Amino acid sequence: MPPLLFRSTNGQSPAVNLRGAFHAGLAPDRGLYLPEKFPQMPPDEIAAFATLPYPEIAFRVLSKFTEGIISDNDLAAMCRDAYDFPIPLEQIHDRIFLMRLDQGPTASFKDFAAQMMARMFGHFLRDDGQQVTILTATSGDTGSAVAHAFHGVPGVRVIVLFPLAEVSVSQRKLMTTLTGNVRIVAIDGKFDDCQAMVKRAFADQELKHIPLSSANSINIGRLLPQSVYYFYAASRLAKSGEPMVFSIPSGNFGDAMGAVVARQMGLPVKKLVVPVNDNDAFPRFLASGVYEKVVPSRNSVSNAMNVGHPSNLARLVANYGGQMDETGKIHRQPDLAAMRRDLFSSSVSDDRTRAALKEFWDKYQLLLEPHGAVAWQGFLDWQAVEPPGDAPAVIVETANPAKFPEEIQKMMKWEPDIPPQMEAALKSPEDFDRMGADYEKFKAYLIQKHAM
Ligand SMILES: *Cc1c(COP(=O)(O)O)cnc(C)c1O
């Protein structure tokens with residue numbers, strides 16, 4: 001079979017294979033890549049997942065996309081290597097479960113995508129004999145997940161920019177205790193400054209001799225691995241063919257798009273609940289059909305979801321027959337009735353997030369962090385308007401509570417245990433560079449690092 005092709009949501013760029021989509025990140029017309037046709041996972045193949053370990057399920061799902069691009073042997077080895085940590089499914093009550101995606105090397109769900117993406121990148125670079133510098137700006141979880149995943153990958157140098165005053169100590173240390181091919185740069189500025197500097201570097205003609213690449217959330221390589229854990233949860237909790245409910249706390253909607261990919265491949269889904277924090281552009285759009293981004297984005301306790309204009313909405317809209325460009329302008333309305341049938345979204349304020357976290361502990365003795373608390377409250381909001389029946393449901397917990405000790409301390413009056421993989425990072429010596437939000441200085445830094 002010829003390799004699967006990927007098309008841009010803006011419809012103005014040629015279709016490319018996985019390797020092309022991977023290297024480009026953003027399509028030349030500034031749209032996002034989606035598979036031309038979703039490969040299908042027949043019911044008997046899904047049923048067979050019930051007894052398979054996670055890396056094997058990952059292999060069977062991802063191989064549908066990598067056929068003709070990465071050999072089965074190589075992909076299977078990457079899956080075993082990337083996914084060597086547990087994925088706990090804890091019962092909340094009846095058939096409602098908490099899926100903790102926080103056991104990877106940097107204790108957030110970003111590890112699932114970053115770990116696989118780094119291995120695929122390394123594989124392609126080995127083939128091409130190339131060197132590349134991965135340049136990324138982070139507000140917290142992405143930077144550490146990407147830095148860890150690409151740490152020690154031959155042919156890759158990683159440079160991460162973060163706003164010195166805006167990340168938590170544990171988020172910082174998960175980046176700054178890495179050495180070797182990873183360089184971390186603290187910027188005396190805001191996340192927006194870091195992002196602007198990275199964007200300028202990508203567009204700078206005088207840096208064209210440095211092969212720069214990004215590992216940001218719009219890359220199809222980050223999206224596909226995020227479909228696997230939905231198959232996994234269903235394999236452990238649902239009867240064969242039984243539709244599931246998932247509640248996914250959303251910022252850029254990459255995690256939620258992973259669930260949409262799984263559903264398009266054939267996973268039976270009754271409802272996707274996609275709650276947000278105060279950045280409520282999506283629930284307002286779902287209700288009214290009018291899209292207005294939140295400018296500037298609003299700060300909240302679920303800080304990884306402070307996104308005023310979620311980039312993956314372009315993919316979601318395309319999935320329902322519509323077209324939204326990168327600025328958020330809608331050129332063709334999606335099938336809103338179908339979207340409302342499949343999706344539910346509410347906005348969860350900080351007050352409701354904190355109350356949900358506390359009540360969840362009091363009622364079930366299970367600890368959430370702010371993002372997971374948004375998922376739980378969003379699920380309750382959905383239950384209040386639609387009888388859930390007895391469909392199995394999964395609340396997605398996207399980070400480890402130990403990443404938010406200050407917030408947990410405030411609510412619970414005690415601090416969460418620190419998982420072993422974080423403990424090591426918190427103890428190791430830190431090493432990072434520091435500069436002002438000055439593009440020319442940063443440019444000189446890039447040129448100097450490249451010459452080394
Ligand atoms: C990134 C992140 C999210 C939001 O995921 P999106 O794919 O951007 O919707 C939620 N929780 C945590 C902890 C995150 O790091």
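Counting convention: from 1, in listed order, for ligands and their atoms alike. As the structure is a computational prediction, the values presented were derived from the model and not from experiment. We number each residue from 1, following the sequence as shown.
Taking the six-membered ring for Trp and thresholds of 30 and 60 degrees, F282 and F285 have ring planes inclined between 30 and 60 degrees apart. Relative orientation of the F162 and F432 rings is perpendicular, given thresholds of 30° and 60° on the angle between their planes. Using a 30° and 60° split on the angle between ring planes, F124 and H23 fall in the tilted class, from 30° to 60°.
In terms of protein heavy atoms, atom 2 (C) of ligand 1 is closest to K110 NZ, 2.5 Å. Closest to atom 4 (C) of ligand 1, if we only count protein heavy atoms, is G251 N, 3.7 Å. With hydrogens left out, the protein atom closest to atom 8 (O) of ligand 1 is N252 N, 2.8 Å, a heavy atom.
Listed by number with element, the atoms of ligand 1 under 4.0 Å from a non-hydrogen atom of A399 are 13 (C). Contact atoms of ligand 1 toward D141: 13 (C), 14 (C), 15 (O) (distance under 4.0 Å to a heavy atom of the residue). For ligand 1 and D255, the ligand atoms under 4.0 Å from any heavy atom of the residue are 7 (O). Applying the 4.0 Å criterion to heavy atoms of G254 picks out, from ligand 1, the atoms 6 (P), 7 (O), 9 (O).
A salt bridge between R80 and E56 is absent, with no side-chain N of the basic residue lying under 4.0 Å from a carboxylate O of the acidic one. Residues R100 and E90 are paired through a salt bridge, judged by an N-O separation under 4.0 Å between the basic side chain and the carboxylate. For the pair E242 and K270, the salt-bridge criterion is not met [side-chain N within less than 4.0 Å of a carboxylate O].
Considering each of I248, T398, V276, the one bringing a non-hydrogen atom nearest atom 10 (C) of ligand 1 is T398.
Ring to ring, Y54 and Y229 are not that close: their centroids are 6.0 angstrom or more apart.
Taking a 4.0 Å cut-off on heavy atoms, S250 registers as neighbouring ligand 1.
Backbone and side-chain nitrogen or oxygen atoms of A304 are examined, and none is located within less than 3.5 angstrom of a nitrogen or oxygen of ligand 1.
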